[in-house]
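Every value quoted in this text rests on a predicted model; they were computed, and no experiment measured them.
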There are 2 protein chains.
Amino acid sequence: MSQDATAGHSPRPAAAAGKEQRVTKQRLAVSAVLDELPDFVSTQELHRILQDRGTSVSLATSYRILQSLADDGLVDALRNADGEAVYRRCAATGHHHHLLCRNCGKAVEVEAPAVEAWAARTAKEHGYTAVEHTVEIYGLCPECTARQAGG
Amino acid sequence: MSQDATAGHSPRPAAAAGKEQRVTKQRLAVSAVLDELPDFVSTQELHRILQDRGTSVSLATSYRILQSLADDGLVDALRNADGEAVYRRCAATGHHHHLLCRNCGKAVEVEAPAVEAWAARTAKEHGYTAVEHTVEIYGLCPECTARQAGG
DNA sequence: TTCACTGCAAATGCTTTGCAGCGCC
DNA sequence: GGCGCTGCAAAGCATTTGCAGTGAA
């Protein structure tokens with residue numbers, strides 16, 4: 001269980017060490033994309049988005065910037081089910097979850113106040129702090145359900 | 001969107017497919033180790049333990065066996081903070097979720113009847129069928145919380 | 001006997017790192 | 001002008017896969 005700078009929030013004093021953080025266009029580009037995406041993105045995905053915009057940033061640099069941001073607590077970092085590192089801007093603006101069709105991929109955004117409350121309560125019961133959660137619902141959307149029923 | 005046998009529980013009918021499961025000494029050895037370990041082990045770790053015991057099993061086979069066990073719902077499978085797949089014998093046989101410490105990896109199994117109900121209701125509202133869901137809560141366990149607060 | 005399982009090693013894909021040049025401060 | 005940042009490509013590592021031999025049923 002080696003645990004270094006991988007996931008999440010290490011509340012660390014900002015600007016404690018002597019290393020300063022330079023403002024480069026690559027860093028701004030990454031930050032801008034994160035601002036616009038409400039959900040977690042993998043580094044690979046973010047890199048692809050940057051390419052689409054023309055603000056191409058090297059893949060290695062994308063990794064470095066995201067790690068650096070996570071290290072400073074400016075973004076949330078965790079792993080998705082595939083084991084990829086995923087990041088999200090820390091501000092919890094419009095937290096929501098997804099209802100996904102496992103056949104056509106269609107996604108519906110859903111809110112889950114009950115789940116939020118449950119997660120918070122459960123975590124507190126066990127003494128856990130700095131809590132965060134992921135919830136995904138997989139199923140067949142109406143169209144795909146009909147298609148499968150039909151034949 | 002590859003979400004198959006990765007994290008958590010996919011309630012699937014046991015022994016549904018035509019493939020039978022043969023009882024080999026490798027499979028028994030892996031199963032025996034899992035029985036003795038109360039916590040999550042990575043495949044690499046389990047492989048090392050097997051070597052120490054003399055019941056050496058190939059690394060690739062270890063991967064295959066663990067995946068197969070997880071596929072049959074006989075073990076819990078998820079990812080630790082390093083992105084490694086980790087497995088543990090399923091204490092609770094029923095459907096449940098996890099409360100994970102993002103610092104030390106400690107896991108607590110929790111039940112969430114409210115979440116189950118919410119997921120089912122939400123899916124139905126949107127006309128989704130054959131529903132399944134994943135829920136994970138990440139936070140800092142009491143010990144790690146104290147450690148971080150202290151210094 | 002049959003065919004799933006196993007072991008080996010090469011392949012895959014995400015992530016990290018060394019090094020030289022560039023640009024922010 | 002100094003030094004952190006970037007890009008490139010190769011390295012590193014966990015995990016997967018092809019293939020042929022072995023053993024469970």
Side-chain angles (χ1 to χ4, degrees), chain A residues 1-8 15-31 33 40-51 54-72 74-75 77-87, chain B residues 1-7 15-31 33 40-51 54-72 74-75 77-87 105:
Chain A
M1 216 60 53
S2 50
Q3 169 69 15
D4 304 288
T6 19
K19 298 295 176 115
E20 65 194 279
Q21 203 76 267
R22 287 191 179 172
V23 179
T24 64
K25 62 165 178 277
Q26 288 89 345
R27 191 167 291 259
L28 288 172
V30 169
S31 203
V33 171
F40 287 90
V41 255
S42 71
T43 312
Q44 304 274 342
E45 231 170 326
L46 187 138
H47 176 242
R48 212 169 299 125
I49 293 172
L50 284 171
Q51 284 189 312
T55 51
S56 200
V57 174
S58 145
L59 183 59
T61 299
S62 301
Y63 275 100
R64 277 189 277 229
I65 290 177
L66 285 171
Q67 280 180 352
S68 150
L69 289 174
D71 218 45
D72 290 344
L74 297 176
V75 299
L78 45 82
R79 300 267 178 179
N80 70 11
D82 289 335
E84 294 179 322
V86 288
Y87 302 86
Chain B
M1 198 101 6
S2 49
Q3 169 70 18
D4 304 288
T6 19
K19 296 299 174 106
E20 65 194 279
Q21 203 77 265
R22 288 187 179 172
V23 179
T24 64
K25 62 166 179 276
Q26 288 88 346
R27 191 168 292 259
L28 288 173
V30 169
S31 203
V33 171
F40 287 91
V41 255
S42 72
T43 311
Q44 304 274 343
E45 229 169 329
L46 188 137
H47 176 243
R48 212 167 301 127
I49 293 172
L50 284 170
Q51 284 190 311
T55 52
S56 200
V57 173
S58 146
L59 183 59
T61 299
S62 301
Y63 275 101
R64 278 189 276 230
I65 290 177
L66 285 171
Q67 281 180 351
S68 150
L69 289 174
D71 217 46
D72 290 345
L74 298 176
V75 299
L78 45 84
R79 303 265 177 181
N80 70 12
D82 289 335
E84 294 180 323
V86 289
Y87 303 88

List, one per line, each side-chain donor-acceptor pair under 3.5 Å for residues 56-63 of chain A, sequence neighbours excluded.
| from | atom 1 | to | atom 2 | distance (Å) |
| --- | --- | --- | --- | --- |
| S58(A) | OG | A60(A) | N | 3.2 |
| S58(A) | OG | T61(A) | N | 3.4 |
| S62(A) | OG | S58(A) | O | 3.0 |
| Y63(A) | OH | Q44(A) | NE2 | 2.9 |

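- For S31(A), the side chain to side chain contact (heavy atoms under 4.5 Å, CB included) partners at least two apart in sequence or on another chain are R89(A).
- Residues passing the side chain to side chain donor-acceptor pair (under 3.5 Å) test with Q26(A): none are found, sequence neighbours excluded.
- Between Q26(B) and the phosphate of dG23(D), there is no side-chain N or O to OP1/OP2 separation shorter than 4.0 Å.
- Considering CG of D71(A) and CZ of R64(A), their distance stands at 14.5 Å, rounded to 0.5 Å.
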* Asked: Going 5' to 3' along nucleotides 12-20 of chain D, which nucleotides have protein heavy atoms under 4.0 Å from the base (write B), which only from the sugar-phosphate (write S), and which from neither (write -)?
  -> --SBBBB--
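- Summarising the geometry, the separation between NE2 on H47(A) and C1' on dT16(C) is reported as 15 Å, rounded to the nearest angstrom.
- Shown here for R27(B) and S68(B), the closest heavy-atom pair between the two residues is NH1-OG, 3.0 Å.
- In this structure, the CG atom of D71(A) is 15 Å from the C1' atom of dT16(C), given to the nearest Å.
- The CZ atom of R27(B) sits 13 Å away from the P atom of dA24(D) (whole-angstrom rounding).
- Every residue two or more places apart in sequence or in another chain was checked for a side chain to side chain donor-acceptor pair (under 3.5 Å) with Q51(B), and none qualifies.
- Listed by chain and residue number, E45(A) satisfy the side chain to side chain donor-acceptor pair (under 3.5 Å) test with S42(A) (two or more places apart in sequence, or in another chain).
- Rounded to 10 degrees, the angle separating the terminal axes of the helix from dT1(C)-dA25(D) to dC25(C)-dG1(D) is 40°, with each axis obtained from five end pairs.
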Could you write out each protein N or O paired with an N or O of nucleotides 21-24 of chain C at a distance under 3.5 Å?
| from | atom 1 | to | atom 2 | distance (Å) |
| --- | --- | --- | --- | --- |
| dG23(C) | N2 | R22(A) | NH1 | 2.6 |
| dC24(C) | O2 | R22(A) | NH1 | 3.1 |

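- Among the protein residues, S56(B) comes within range of the sugar-phosphate backbone only, with heavy atoms under 4.0 Å from sugar or phosphate atoms but none that close to a base.
- A pairwise comparison of heavy atoms in V75(B) and L66(B) identifies CG2-O, 4.2 Å as the closest pair.
- Just one of L28(B), I49(B), V41(B) meets the side chain to side chain contact (heavy atoms under 4.5 Å, CB included) condition when paired with V33(B); it is I49(B).
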